[in-house]
**Q** 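Have a look at this one.
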Amino acid sequence: MSIDKKTVEDVAHLARIELEAKELEKLSKQLEHILAFIDKLSVLDTGNIAPTSHILPISNVLRKDEPRKSLPIEKTLMNAPDKQGNFFVVPKVIE
Amino acid sequence: MKYEAVIGLEVHLHLNTKTKAFCGCSTEFGNAPNSQVCPVCLGFPGSLPVYNQTVLDYAIKVALALNCKVQEYTKFDRKNYFYPDLPKNYQVSQYDLPLSIRGFLDIELGGKFKRIGITRVHMEEDAGKLIHQEDISLVDFNRTGIPLLEIVSEPDINSPEEAYEYLATLKSTIQYLDVSDCDMEKGSLRCDANISLRLAGAKTLGVKTELKNMNSFKGVKDALSYEIKRQTEVLDSGGKLTQDTRLWDAKAQETVAMRTKEGAKDYRYFPEPDLPPFIIKEDKVAEIKKTIPELPKEKMQRFIKDYGLSEYDAKALVASKKGALFAEECLKRFSDKNKKPVANWIIGPLAALAGSRACETSELGIFPESLVELIELVEKKQIISNLSGKVVLEEMVNTAKTAQTIITEKSLAQISDSGSLNSVIEEVIRENTKSVTDFKSGKANALMFLVGQVMRKSSGKANPKVVQELMRERLESA
């Protein structure tokens, strides 16, 4: 299975990773190997098997609608790279 | 119309649970920024979400009220994208196995019902709030993780008016369920629209635009009207439409195309591994179904049947659940078979008073029995005129006194007994001989003039109907 540079670039963009030309080359090859490995699964006939979304046999894990204490503001903002009053501060991004 | 508009609406609805979807943080509106957050809703590594039982129950309730089929097996998926209002860099949503599918909502326009299909109702979570400044953005995560439902309609809507009616009916229906306050101003109900045009009668769909940023039902209607005009002009001039997202600018009353980066819309959905699936059994669905009250459409039809009301009146009375309850108490108590006066008083003067006080008719502090007493005093016993009745109603709201007390205190009662009216009538006849002659020579208008004189002499307290009868009798017998 081959994977072109454009695809790797797109995936890198979606993950917000900047790649240099050399890295792009290297990662394209690695991704190809990974996909080839995964592709081994296609030898199995899964036509009659429902897709698995969860591997554990548990369901309906729920909690009651009862409020619990939130974090104190000092703790919430403790590791924030930047803050102002009660707010987190981020570079301006408008979509 | 040369073109037919094809419109689908996507509504996001906050559910009014006490806590967020996946953690115990409060959902209260309007508190200090970032005061309702915890490791789960801030997306800290190692934290684990657990779903709110009440959210699931409410979601099923909404799905059923919209006639959707609740799926036995449903799960959450991650919708991946980067934006600063989304601390986990993914939104927990539903993709291929949503909570419910294939429902409908009937809307009423000009006396006719139209069925609008509901594609799906699924569960997800809200994002945080950004406040943009000159070169930074401030982030408040209080809203992050608040339970949301996404309600997607089929493209069955064909005009801005239908879109408005769909939203009004949806809001009214959901408010009956007591699961959301549906307040667009507070952002607890939001709406995006998809719209395309096609030649009337054509089967294939045209190129659609997605409209965002409407913050009222009227905004949705206006944005759609503008878009129909804009797309018509492009098509008529031989141009081609592009599939884009446009923002409604309420001030300029126009839609503006959004810049979107190519390939940005690759959300890479995959099953949310932190949240196991739900298996919703039939008995659970049946149990929730029992908690659904009579909904606006059924209530409207019953009001028409049981109380002989017009569609217009019945629809106005059932718009809110509390209002409908109040109206029905009044309708039941009113001793006449013709219930129209009750509807008139509630939809007219009472609704006006509620409007000026920004509350519901049921919240004015007037009991159904007090209102009915007033209506009967005006409409049946004709103790006071319609106009005085409105004054009395306002006084009832202000002072919580009964209609009868106010009428006595202000001596508003109409004079209806012939004894006291006859002397005034004689007086008027003596003073207006010309009008009397006019009437006798066939000028019908003269009667109204003479009645008017009696009204004036009694300072407006004479019962005009009785005066008219007495005056006619008197003139014709003489």
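Below, chain A is the first sequence line, B the second, and so on; all start at residue 1.
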**Q** Is chain B contacted by the side chain of A:Ile58, its backbone, both, or neither, given a heavy-atom distance below 4.5 Å?
**A**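 For A:Ile58, backbone and side chain are both near chain B.
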
**Q** Whether the side chain of A:Lys92 engages the backbone of B:His132 through a donor-acceptor N/O pair (distance < 3.5 Å, no angle test) should be reported.
**A**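 Not at all, since once roles are kept as given, no pair shorter than 3.5 Å links the two residues.
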
**Q** Count the heavy-atom pairs under 4.5 Å between each of B:Ser26, B:Cys38, B:Pro33 and chain A, then report the option with the highest count.
**A**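 So the answer, after comparing B:Ser26, B:Cys38, B:Pro33, is B:Pro33.
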
**Q** Could you check whether any side-chain heavy atom of B:Val139 comes within less than 4.5 Å of a side-chain heavy atom of A:Val89, counting everything from C-beta outward?
**A** no

**Q** So what's closer than 4.5 Å to chain A heavy atoms on B:Cys41: side chain, backbone, both or neither?
**A**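 Neither part.
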
**Q** For the candidates B:Asn89, B:Leu130, B:Leu138, which exhibits the highest count of non-hydrogen atom pairs separated by less than 4.5 Å from chain A?
**A**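 Highest number of pairs under 4.5 Å: B:Leu138.
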
**Q** Check each atom of A:Asp65 against the heavy atoms of chain B and say whether the ones under 4.5 Å are side chain, backbone, both or neither.
**A**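 For A:Asp65, heavy atoms of backbone and side chain both lie under 4.5 Å from chain B.
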
**Q** Does the side chain of B:Ser137 come within less than 4.5 Å of A:Val93's, by heavy atoms?
**A**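 Of all side-chain heavy-atom pairs linking B:Ser137 with A:Val93, none is under 4.5 Å.
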
**Q** In the structure I gave you, are the side-chain heavy atoms of A:Val90 and B:Ile136 within less than 4.5 Å of one another anywhere?
**A** no

**Q** Any residues in residues 42-50 of chain A near chain B, with a heavy-atom distance under 4.5 Å, and which are they?
**A**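 Those residues of residues 42-50 of chain A which would need a heavy atom under 4.5 Å from chain B do not exist here.
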
**Q** Would you indicate whether the side-chain heavy atoms of A:Ser53 and B:Phe76 approach each other to under 4.5 Å?
**A**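 A side-chain contact is absent here, since even the closest heavy-atom pair is not under 4.5 Å.
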
**Q** Need one label for B:Glu272: side chain, backbone, both or neither, based on atoms under 4.5 Å from any heavy atom in chain A.
**A**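 The backbone, not the side chain.
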
**Q** Which one of B:Lys20, B:Gln36, B:Arg268 has the most heavy-atom pairs closer than 4.5 Å to chain A?
**A**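 Maximum pair count with chain A is reached by B:Arg268.
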
**Q** Using a 4.5 Å cut-off on heavy atoms from C-beta on, say whether the side chain of A:Arg63 contacts that of B:Thr19.
**A** yes

**Q** With rounding to the nearest 0.5 Å, note down the distance linking NZ in B:Lys75 to OG in A:Ser59.
**A**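 It comes to 14.5 Å.
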
**Q** Does any non-hydrogen side-chain atom of B:Phe278 lie less than 4.5 Å from one of A:Leu62?
**A** yes

**Q** Any donor-acceptor pair under 3.5 Å linking the side chain of B:Asn34 with the backbone of A:Asn86?
**A**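 Pair found, side chain donor or acceptor close to backbone of A:Asn86.
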
**Q** Name the member of B:Val37, B:Asp135, B:Thr17, B:Thr27 that forms the most heavy-atom pairs with chain A at distances under 4.5 Å.
**A**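 Among B:Val37, B:Asp135, B:Thr17, B:Thr27, the one with the most close pairs to chain A is B:Val37.
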
**Q** Relative to chain A, which of B:Ser35, B:Ala32, B:Pro276, B:Pro271 shows the most heavy atom pairs under 4.5 Å?
**A**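 Of the candidates given, the most pairs with chain A belong to B:Pro276.
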
**Q** Just how far is it from atom CZ of A:Arg16 to atom OH of B:Tyr81, taken to the nearest 0.5 Å?
**A** 12.0 Å

**Q** Heavy-atom pairs under 4.5 Å with chain A - which of B:Asp140, B:Ile279, B:Leu97, B:Thr54 has more of them than the others?
**A** B:Ile279

**Q** NZ/A:Lys64 to NZ/B:Lys18 distance, rounded to the nearest 0.5 angstrom?
**A** 10.5 Å

**Q** Begin from the C-alpha positions of B:Val50 and A:Val61 and carry the test side-chain contact (heavy atoms from CB on, under 4.5 Å) through to its verdict.
**A** CA-CA 7 Å; B:Val50 185; A:Val61 180; 4.1 Å; yes

**Q** What parts of residues 73-85 of chain A touch chain B if we use heavy atoms and a cut-off under 4.5 Å?
**A**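 Counting heavy atoms that sit under 4.5 Å from chain B, the residues of residues 73-85 of chain A involved are A:Ile73, A:Thr76, A:Gln84.
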
**Q** Is A:Pro91 in contact with chain B via its backbone, its side chain, both, or neither, using a 4.5 Å heavy-atom distance?
**A** backbone

**Q** Please tell me if the side chains of B:Leu42 and A:Phe88 come closer than 4.5 Å, counting only heavy atoms from C-beta onward.
**A**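 They are in side-chain contact.
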
**Q** Less than 4.5 Å apart, any side-chain heavy atom of B:Ile131 and any of A:Phe87?
**A** yes

